[in-house]
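In listed order, ligands and their atoms are each counted from 1. For this chain, numbers begin at 1 and follow the sequence in order.
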Amino acid sequence: MSPALHRLSAEMVFIERGWLNANHLAFLGGGPLALVDSGYLEGLDETLVLLTQAGVAPEVVDLIVTTHLHCDHVGGHAHIHERSGCAIALSAVCRRAVEQQDGWAAWWRYYGQAYRFFPTHRTLADNDVLRLAGLDWRVLETPGHAGGHLCLFAPETGWLISADAVWDGDFGVLTPRIEGWEAPHRLRMSLRRLAALKVTTVLPGHGPPIEDGPRAIARCLERVEAFLAQPRRLAEDQVRKILLYHLMMKGPLSAQELWQWEMTLPWLQETCQIYFAEPARQVFERYLGELLERGLVGQDQGRLYSHLPA
Ligand SMILES: [Zn+2]
């Protein structure tokens with residue numbers, strides 16, 4: 001059950017959240033007092049409580065490492081920086097988008113999430129090494145789910161901080177209209193690169209730590225291959241995941257209210273134009289019905305809510 005704290009060593013805590021708030025990590029010594037990612041903006045109060053439980057007062061953070069720009073990973077950045085004066089590090093691709101306050105790259109314009117931009121201080125390049133919790137972490141640029149997406153790999157232990165590139169047999173939603181039509185190809189290249197490492201445990205952006213890292217990476221590779229073979233599967237996955245996220249963000253609400261809100265955003269109409277030769281309303285109803293049938297979405301007096309932990 002999330003949230004949960006997993007102490008991986010004396011100096012490193014994995015903070016498991018849900019699906020609206022990405023997981024994060026706290027590095028307590030053996031290098032700067034650092035965080036990887038900071039949850040969703042509207043989950044900030046819970047983030048601060050969890051950090052305190054993990055042994056990190058927001059005032060003493062030295063560094064936040066950003067895996068990528070999405071709302072569920074950066075929601076606490078600005079607040080924690082204001083309290084601590086910490087440096088915020090990210091890839092050059094992400095840094096440019098943040099400095100330009102690019103609401104499309106950050107996805108909030110496309111998917112309508114809560115977002116707050118933040119100052120940036122340090123660029124992380126592919127193959128840079130960060131000393132955190134007494135381990136050397138290699139920075140790996142792993143685009144696909146997001147431009148400038150970073151993973152961190154510690155060769156000494158085989159631990160891989162995978163963010164949204166690898167979950168347990170799945171990965172973060174692919175959004176070709178924002179990330180480029182080659183997004184699934186890029187993800188495949190990123191996964192092949194990860195598959196070539198001596199990974200033990202994967203510490204994903206969502207879900208608990210994954211003990212059999214190589215198997216998780218192999219399953220993600222199979223999944224992206226299937227998306228490349230049948231592009232419509234990519235779109236089906238996108239519609240299911242975003243409807244679920246939106247119910248986590250906005251629910252409980254009626255199907256009509258959810259539909260009306262979706263129509264104020266570009267993503268569903270565009271996805272339907274590209275991948276489904278049918279009206280958006282039909283697509284919306286089909287996948288919402290499927291989520292209800294699979295028990296991922298519940299209904300109480302005509303109002304829908306997500307069963308996944310936020
Ligand atoms: Zn993401």
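The Zn ion (ligand 1) has no N, O or S atom of His149 inside 2.8 Å of it.
His145 has its closest N, O or S atom to the Zn ion (ligand 1) at the position named NE2. Among heteroatoms of the N, O or S kind in Asp164, OD2 lies nearest the Zn ion (ligand 1). Between the Zn ion (ligand 1) and the N, O or S atoms of His68, the shortest distance is to NE2. When the N, O or S atoms of His70 are ranked by distance to the Zn ion (ligand 1), ND1 comes first.
Leu132 and Leu160 fall into different hydrophobic clusters, where Ile, Leu, Val, Met, Phe, Trp and Tyr side chains are chained together by heavy-atom contacts under 4.5 Å.
Here the options are Trp167, Trp107, Phe227, Phe171, the test is ring pair (Phe, Tyr, Trp, His ring centres under 6.0 Å), and the partner is His145; only Trp107 passes.
Cation-pi contact between Arg281 and Trp259: present, with separation from the ring centre below 6.0 Å and deviation from the ring axis of at most 45°.
A salt bridge links Lys241 with Asp170; the closest basic N to acidic carboxylate O contact falls under 4.0 Å.
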Between Trp267 and Tyr110, does the ring-ring contact (aromatic ring centres under 6.0 Å, His included) criterion hold? Intermediate values first, please. CA-CA 6 Å; Trp267 77 276; Tyr110 201 59; 7.6 Å; no
